[in-house]
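Chain identifiers are assigned alphabetically (A, B, ...) following the order of the sequence lines, protein sequences preceding nucleic acid strands; residue numbering begins at 1 within each chain.
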Amino acid sequence: MQENRVKSGVFATGGAEAIRLRGFDIHPGLLNADAQAALVEELRGVTKAAPLFSPVTPYGKPMRVRMTSMGKFGWFSDRSGYRYEGKHPSGVDWPPIPELVLTLWRDLTELERTPDCCLLNFYDSNARMGMHQDRDEADFSYPVVSISLGDSALFRIGNETRGGKTESIWLNSGDVVVMGGAARLTYHGVDRIRAGSSTLLPKGGRINLTLRVVT
DNA sequence: GAGTGGCA
DNA sequence: CCCT
């Protein structure tokens, strides 16, 4: 039997070594099937309390991806820009970040501070996300941790400025990516969702959780 | 005019 | 290419 790759030992079954790509640490299959299923179950309660919505971008188009958040802050955008908000657009508080997710963050980052935002992005099979930087947070010395659940996504990694050559990698259900250090401000996006590649979500699609220290 | 764009 |  292979050793668990996170200290708490509750997630991983072992398997592939981490892949490093342009400073992104990619942990294939870090969450085992049981952990993925348990997490999805918790997220059902989250989307019930704080339903998914499609934010409008500052230039007027609604995003393809639907989203909600957990934690003290949630990511939001409208005509006046990208930002974090203390409440869901319905006025309710964002639900708490699941303990399983916080444990994963602690194990991977070994930081004292835990994230104050866990953004949930839902991609249907046609959804994409253009190349962007995560730069709405106050302190870029904290990493961003990203968890993939459900259908596989073609993830594209660029550079610290727009343009230039890029590299792509398929992210599968249970994969976890840490974007820290120089990679913290690297452009990235999702080009494609592979419909039917996972049975985790009965109706298909992909959930991506991103953990951030916002303030 | 660039876009956490949309479409062909 | 189109649009905001």
Side-chain angles (χ1 to χ4, degrees), chain A residues 21-26 43 46-47 50-71 73-89 94 97 101 115-140 142-172 175-195 205-215:
Chain A
L21 188 60
R22 296 194 178 196
F24 287 58
D25 281 314
I26 301 162
L43 296 178
V46 168
T47 54
L52 297 170
F53 59 93
S54 292
V56 174
T57 53
Y59 43 94
K61 294 240 171 149
M63 291 178 63
R64 295 291 304 268
V65 164
R66 294 193 298 147
M67 63 180 61
T68 188
S69 290
M70 290 146 275
F73 297 100
W75 192 85
F76 186 76
S77 98
D78 59 16
R79 295 307 286 255
S80 40
Y82 306 134
R83 61 193 179 273
Y84 287 94
E85 289 282 359
K87 288 184 189 301
H88 185 272
W94 304 105
I97 300 175
V101 168
D116 42 25
C117 173
C118 175
L119 174 62
L120 186 165
N121 282 149
F122 177 76
Y123 295 75
D124 66 30
S125 58
N126 297 310
R128 299 183 298 280
M129 189 173 290
M131 296 289 281
H132 67 278
Q133 289 173 302
D134 288 8
R135 56 176 314 142
D136 304 316
E137 303 77 29
D139 185 348
F140 303 136
Y142 288 99
V144 174
V145 173
S146 152
I147 303 168
S148 294
L149 297 167
D151 286 336
S152 302
L154 187 57
F155 186 62
R156 183 144 59 107
I157 302 173
N159 305 93
E160 283 181 56
T161 53
R162 282 202 174 273
K165 290 190 174 176
T166 64
E167 290 178 86
S168 295
I169 186 168
W170 282 96
L171 296 181
N172 304 309
D175 292 357
V176 179
V177 181
V178 181
M179 306 172 231
R184 179 63 180 73
L185 289 171
T186 296
Y187 275 87
H188 57 278
V190 172
D191 285 340
R192 194 153 22 134
I193 300 297
R194 188 182 272 156
R206 170 180 189 251
I207 290 172
N208 182 62
L209 300 179
T210 46
L211 303 166
R212 300 190 181 91
V213 173
V214 167
T215 54

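Pairs of Watson-Crick or G-U wobble type, with distances under 3.5 Å, never assemble into runs of 3 or more in DNA chain B.
Rounded to whole Å, the distance from CZ on A:Arg128 to C1' on B:dG6 is 7 Å. A:Met63 places its CE atom 13 Å from the P atom of B:dG3, with the value rounded to the nearest Å. Whole-Å rounding puts the A:Gln133 CD to B:dA2 C1' distance at 14 Å. Separating the CZ atom of A:Arg64 from the C1' atom of B:dG3 is a distance of 15 Å, rounded to the nearest angstrom. Protein atom CZ of A:Arg79 is 17 Å distant from nucleotide atom P of B:dA2, rounded to whole Å. Atom CE in A:Met131 sits roughly 11 Å away from atom P in B:dG5 (whole-Å rounding). The distance between atom NZ of A:Lys61 and atom P of C:dC2, rounded to the nearest whole Å, is 12 Å. The CZ atom of A:Arg162 sits 10 Å away from the P atom of B:dG5 (whole-angstrom rounding).
A:Arg212 has its side chain out of reach of A:Asp136: every pair of non-hydrogen atoms, C-beta onward, lies at least 4.5 Å apart. Side chains of A:Val213 and A:Glu137 form no contact here, defined as non-hydrogen atoms less than 4.5 Å apart.
When heavy atoms are screened at a 4.0 angstrom cut-off, A:Arg135 is found touching no nucleic acid atom at all. Residue contacts for A:Pro62: at a heavy-atom cut-off of 4.0 Å it reaches the sugar-phosphate backbone alone, with no base atom in range. Using a 4.0 Å heavy-atom criterion, one finds that A:Gly130 contacts the sugar-phosphate atoms exclusively. Here A:Asp136 lies in heavy-atom contact (under 4.0 Å) with a base.
A salt bridge is defined here as a Lys NZ or Arg NE, NH1 or NH2 lying under 4.0 Å from an Asp or Glu carboxylate O, and A:Arg83 with A:Asp78 meets this definition. Using a cut-off of 4.0 Å between Lys/Arg side-chain N and Asp/Glu carboxylate O, A:Glu85 and A:Lys87 are scored as not salt-bridged.
Among the nucleotides B:dC7, B:dG3, C:dT4, the one closest to any side-chain atom of A:Tyr59 is B:dG3.
Other residues, nucleotides and ligands contribute over 12 non-hydrogen atoms within 6.0 Å of the CZ atom of A:Arg22.
For the pairing with A:Arg184, the side chain to side chain contact (heavy atoms under 4.5 Å, CB included) check across A:Asp139, A:Val178, A:Asp134 returns one residue only, A:Asp134. When each of A:Ile97, A:Val101, A:Val46 is paired with A:Leu209, the side chain to side chain contact (heavy atoms under 4.5 Å, CB included) condition holds for A:Val101 and for no other.
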